[in-house]
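Since the structure comes first, as structure tokens, the remarks are kept for the end.
In the text below, chain A, chain B and the rest are named by the order of the sequence lines, each starting its count at 1. Fair warning: this is a prediction, and the values are worked out from it, not measured in the lab. Every heavy atom of this structure was used, including side-chain atoms; hydrogens, water molecules and symmetry mates were not.
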Amino acid sequence: MNYWLLKSEPSDYSIDDLQRDATEPWDGIRNYQVRNMIRDDIKVGDTCIFYHSNTDVIGCVGTMKIASEAYPDPTQFDSKSAHPDPKSDPENPRWLCMDVAFESKFKRTVTLAEIKSDPTFSDMRLVMKGNRLSVMPISKKHFQKISRLGSS
DNA sequence: GCCAACGTTGGC
DNA sequence: GCCAACGTTGGC
């Protein structure tokens, strides 16, 4: 099993929204590196950290599980969605998404500042320069440490 | 709201 | 294939 970190702006979709919905499509991904990870590497049952970006308290807020295989992201064909892609061919869709299932909400946010200041995380892609991927693999070690911090 | 660090697009 | 212009992400 692999571990991932998935970013979302809470004003768009938050951990509380996922707790309420239980399962939700993780859609709107429009980056080829991320698309390829979804297509090739992310498997049903993989565990993910839910990360809140672009907000007052930035950081890791809970965990979730991958709940489906990758499938074509319907929002790419919806002109009213946030990210329609008129160049995507319905016969050969460009963008994929997958369903995620709520697992847990942390007792507290494990903040980006905290992660940056802890040498345990110095080799984590999240804190390395120039990394803006909204989905990234993380090590089991980092996943377990973040889970432990969030549960305390 | 600013802007650095990307990624994408399209003219040539 | 190069690269300038433009768009996006996301921390601050």
Side-chain angles (χ1 to χ4, degrees), chain A residues 2-21 24-42 46-66 68 70-100 102-139 141-143 145-150 152:
Chain A
N2 291 312
Y3 297 88
W4 308 90
L5 183 145
L6 275 55
K7 297 179 183 175
S8 179
E9 301 192 13
S11 61
D12 193 42
Y13 197 79
S14 74
I15 186 76
D16 293 322
D17 293 326
L18 184 61
Q19 183 163 28
R20 180 197 62 215
D21 298 336
E24 183 75 4
W26 198 269
D27 57 23
I29 291 162
R30 298 293 182 267
N31 173 286
Y32 288 107
Q33 278 189 67
V34 174
R35 193 274 314 270
N36 294 347
M37 275 192 272
I38 291 171
R39 186 188 59 198
D40 303 332
D41 300 326
I42 298 185
D46 280 358
T47 302
C48 310
I49 296 274
F50 196 129
Y51 177 92
H52 280 175
S53 65
N54 244 313
T55 185
D56 49 349
V57 185
I58 296 164
C60 305
V61 292
T63 64
M64 53 196 164
K65 291 271 192 186
I66 300 297
S68 79
Y71 59 93
D73 181 347
T75 68
Q76 69 195 301
F77 304 118
D78 179 359
S79 61
K80 291 191 287 294
S81 81
H83 303 284
D85 186 351
K87 291 181 188 167
S88 184
D89 176 6
E91 296 299 312
N92 186 21
R94 183 179 289 183
W95 304 113
L96 302 173
C97 65
M98 70 279 177
D99 295 342
V100 296
F102 177 82
E103 186 173 67
S104 71
K105 180 182 174 181
F106 291 157
K107 283 186 186 170
R108 66 178 188 85
T109 301
V110 181
T111 65
L112 178 61
E114 183 178 356
I115 289 169
K116 279 184 168 172
S117 68
D118 186 336
T120 307
F121 299 113
S122 60
D123 58 339
M124 193 176 177
R125 287 180 76 173
L126 182 68
V127 300
M128 294 170 85
K129 195 181 168 191
N131 209 316
R132 299 175 313 161
L133 293 179
S134 62
V135 172
M136 67 180 78
I138 62 173
S139 68
K141 178 185 77 169
H142 289 155
F143 173 81
K145 181 78 186 285
I146 289 169
S147 293
R148 198 165 342 118
L149 290 170
S152 64

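Here A:Lys7 does not reach the OP1 or OP2 of C:dT9: none of its side-chain N or O atoms lies under 4.0 Å away. Between A:Tyr32 and B:dC6, a side-chain N or O to OP1/OP2 separation shorter than 4.0 Å is absent. The side chain of A:Lys87 places an N or O atom within less than 4.0 Å of a non-bridging phosphate oxygen (OP1 or OP2) of B:dG10. In this model, the phosphate group of C:dC12 is approached by a side-chain N or O of A:Lys116 to a distance below 4.0 Å at OP1 or OP2.
If you measure from atom CH2 of A:Trp95 to atom C1' of B:dG7, you get 10 Å, rounded to the nearest angstrom. Straight-line distance from the NZ atom of A:Lys129 to the P atom of B:dC3: 17 Å, rounded to whole Å. Atom CG of A:Leu112 is separated from atom C1' of C:dC12 by 11 Å (rounded to the nearest Å). Taking atom CG on A:Asp12 and atom C1' on C:dT8, their separation rounds to 14 Å, with Å as the unit. Between the CD atom of A:Glu114 and the P atom of C:dG11 there is a distance of 15 Å, given to the nearest Å. One interatomic measurement links the two molecules: CG of A:Asp85 to P of B:dT8, which rounds to 12 Å at whole-angstrom precision. The CE atom of A:Met128 sits 15 Å away from the P atom of B:dA5 (whole-angstrom rounding). Rounding to whole angstrom units, NE2 of residue A:His83 and P of B:dG7 are separated by 17 Å.
Between the side chain of A:Arg35 and the main chain of A:Arg94, a donor-acceptor pair closer than 3.5 Å is present. Between the A:Thr75 side chain and the A:Asp78 main chain, no donor and acceptor come within less than 3.5 Å of each other.
Taking the charged nitrogens against the carboxylate oxygens, A:Arg30 and A:Asp85 have no contact shorter than 4.0 Å, which rules out a salt bridge.
Mapping A:Arg94 and A:Asn131 onto DNA chain B by nearest heavy atom places A:Asn131 at the nucleotide closer to the 5' end. The residue among A:Asn54 and A:Leu133 whose nearest nucleotide of DNA chain B lies closer to the 5′ end is A:Asn54.
Taking the six-membered ring for Trp, A:Phe50 and A:Trp4 have ring centres at least 6.0 Å apart.
At a cut-off of 3.5 angstrom, the base of C:dT8 holds at least one donor-acceptor pair with the side chain of A:Arg132.
Among the atoms of the strands shown, none is found under 4.0 Å from any heavy atom of A:Glu9.
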Using the side chain to side chain donor-acceptor pair (under 3.5 Å) rule, take A:Thr120 and A:Lys145 through it: C-alpha gap first, then chi angles, then the decisive distance, then the call.
CA-CA 8 Å; A:Thr120 307; A:Lys145 181 78 186 285; 3.2 Å; yes
